[in-house]
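All of these numbers come straight from a predicted model, not from anything done at the bench.
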Amino acid sequence: MRKLLLPSLIIVAASLLVIRIFYLQIIDDSFKLKSDNNAIKIKYDYPERGYIYDRNGKLLVANQASYDIMVIPRDVKDIDTLEFCQLLDITKEEFLKRMAKAKVYSPRLPSVFLPQLNKSEFAAFQEKIRKYEGFYFQKRSLRDYEVDFGANVFGFITQVNEKLVAKNPYYNSGDLIGRQGVEESYEDILRGTKGVKYFQKDKYNREIGSYKEGKYDTIAVQGEDINLTIDAELQKYGEQLMINKRGGIVAIEPKTGEILALVTAPSYDPGILVGRQRSKNYTLLYHDSIAKPLYDRGLLAEYPPGSPFKILTGLIGLQEGVINEQTTFMCHHGFSYAPGRFMACHGFGPHQLHNGIYNSCNTYFANVYLRIIGKYNSAPYAVDVWSNHVKSFGLGQFMGYDLPTGKKGKIPNSKTYKKIYPDWRWSGKTIISNSIGQGEVLMTPIQLANMMATVANEGYYYTPHIIKKIEGQKIDKKFTTKHVTTIDKKYYKPMISGLFDVYNFGTAHGLNVPGIDICGKTGTAENYAKIDGKRVKLEDHSIFVAFAPKDNPKIAIAILVENGGFGATIAGPIASLMIEKYLRKKITRTDLEKRILERSLQDRYAKLGGMKEASLIETVPKDSLLNKKIVNPIIKTAAPIITVDSTKEN
């Protein structure tokens, strides 16, 4: 029996191998298409990308015809190079460079020689393409932007790199792919499915018909259309208000988590990243490392939140039972928390929760924070309790929204301070700056907006998202899942009452909009920078958070203007204007609008580091597409490295 085992195994294995070879070579010939078969030519039919609409059905992004000039280097014969270059408006040096790149990719396979020609650019070449053996054209569709705003929301389309081609079999060299914004997040939905056609060639390399009678051909399927949660008019207005300023605006619908506006400044017209000038314009934007027009400040910029963070300090104090609405602390223009250490405050006299909020009293919230940390015998344990409360608002973590970029901010815990003070016993007074949104606390504008949406909802939020509808599909269920904070609902009403009176008696008095009940909070966070190795005091950041109306809120918003001064100076008016624009579709506070539209902070940015003001626009030719379509002048100034060191709040 043992003597038969080995021969039997050999016979069985050999039989299986023969059967498999027979199947592959005789029955299934699909693997032939994956080989470098010189007798087969492959042509792709690229579908249109899905259209992009706003929440109200306004068309934002469509498509336009485009043509790529393709080349198979091995097939290029004797051609009139000079005429060829003149037709395509390129130099001979550029021709040689592009040919060399194509040969490196593959002498036998097609690759893009010159991408994204429009109809007029392609017309002259089309008439003579028959003269240039080895070259042919591939029709594609490029984006056609119906608006000149929202670049950070949309993202852009670019060619895939070789690394992605090797990783993802769907893409070939020269294919287009979405980068940044919704173009990247929803690439698989927007791109559709390209069609493939196989053609048989004869020995003279001429097409003689469809391979296998079209057995393996597939039809292109257009990408799905999508509706964004963005309100186009609100987005446009926000970008207008932020011209000549730097910072971010994020507006959210509290009841759904839908992002109504996502503004970053400076920004640019998305149309400049389409066509043959795309690469040149992108390079200009990319290398502006000072103004950073490609940097989405609403999602990526981490700032000390300043006084808006007092909202959480107060709520946690109520939840932990260390204060109630009547708990009173005396303020004498500040709070002394250690010998020689004084937290300044513009308040004076007795403060309770209500007037502590609308007066933004540092003394009140410093005392509340000390009581929270002092409630437990262990300061590290107390800080973890406080940290967990804060994180239940979605802070200190990636929020899970449907955009491809973001930062998680920073909410410290006991491990943070164990690293900072490894050999020293710290207490609440050591980290008192946390009470007023300074210290080690960092938040992004979208986190600030979500915090206010949570307060507006009295204790819950939905993950912020920018997709409202996908044709024929449902949106991810995580965007309809409610997240509940650790703060009981009953504690939100007294906080909301205080936020409402910020507009009536407090730090935002004078910014109210008649007929709209707005709840808000100002913030003024000091910041410093290291310039040439020296610590330099910079202009304060202007911060404002709000929601409206007070009852049944429809919009929650956060504004941060870098180096903008007091919260009520620039960020506050922007909040009032954005809220009125969304709720009424018009502006009655034209005095605020005029003030903000005419206000430029470019002189402040230009002074950073002692450098003279220089605009990106001045560095490109006057007839440049970038010069014609740039939304905000991008100012070249010294890039500040922000550090946190502040006690002044408003």
- request: Could you tell me whether Glu233 and Arg55 make a salt bridge, using a distance below 4.0 angstrom between a side-chain N and a carboxylate O?
  value: no

task: Please determine if Lys131 and Glu83 form a salt bridge, counting it only when a charged side-chain N lies under 4.0 Å from a carboxylate O.
output: yes

message: Would you compute the distance between atom NZ of Lys407 and atom CG of Asp296 and round it to the nearest 0.5 angstrom?
response: 11.5 Å

query: Using the benzene-type ring in the case of Trp, are the ring centres of His483 and Tyr461 under 6.0 Å apart?
result: yes

query: Considering residues at least two apart in sequence or located in another chain, which fulfil the side-chain hydrogen bond (donor to acceptor under 3.5 Å, both in side chains) criterion with Gln235?
result: Glu239

message: Evaluate Ile249 against Met578 for side chain to side chain contact (heavy atoms under 4.5 Å, CB included), listing each step before the verdict.
response: CA-CA 10 Å; Ile249 301 174; Met578 290 286 284; 3.9 Å; yes

message: Within the 3.5 Å criterion, strictly below it, is a donor on Asp175 or Tyr44 matched to an acceptor on the partner's side chain?
response: no

query: Can you find a side-chain donor-acceptor pair between Ser106 and Arg74 that sits under 3.5 Å?
result: no

Side-chain donor-acceptor distances from residues 468-477 under 3.5 Å, at least two apart:
residue, atom, partner, partner atom, Å
Lys468, NZ, Glu258, OE1, 3.2
Lys468, NZ, Glu258, OE2, 3.1
Asp476, OD1, Lys478, N, 2.9

task: Is it possible for you to check whether Lys194 lies under 6.0 Å from the centre of the six-membered ring of Tyr46, through NZ or CZ, and within 45° of that ring's axis?
output: no

field: Charged N-O contact under 4.0 Å between Arg179 and Glu187
entry: no

- prompt: Does the distance from a Lys or Arg side-chain N to an Asp or Glu carboxylate O, for Arg49 and Glu183, drop under 4.0 Å?
  reply: yes

query: Any side-chain donor-acceptor pair under 3.5 Å between Gln126 and Tyr67?
result: no

- prompt: Quick one: ring-ring contact (aromatic ring centres under 6.0 Å, His included) pairs with a partner in residues 71-102, sequence neighbours left out?
  reply: Phe84-Phe95, Phe84-Phe113, Phe84-Phe125, Phe84-Tyr132, Phe84-Phe135, Phe95-Phe113

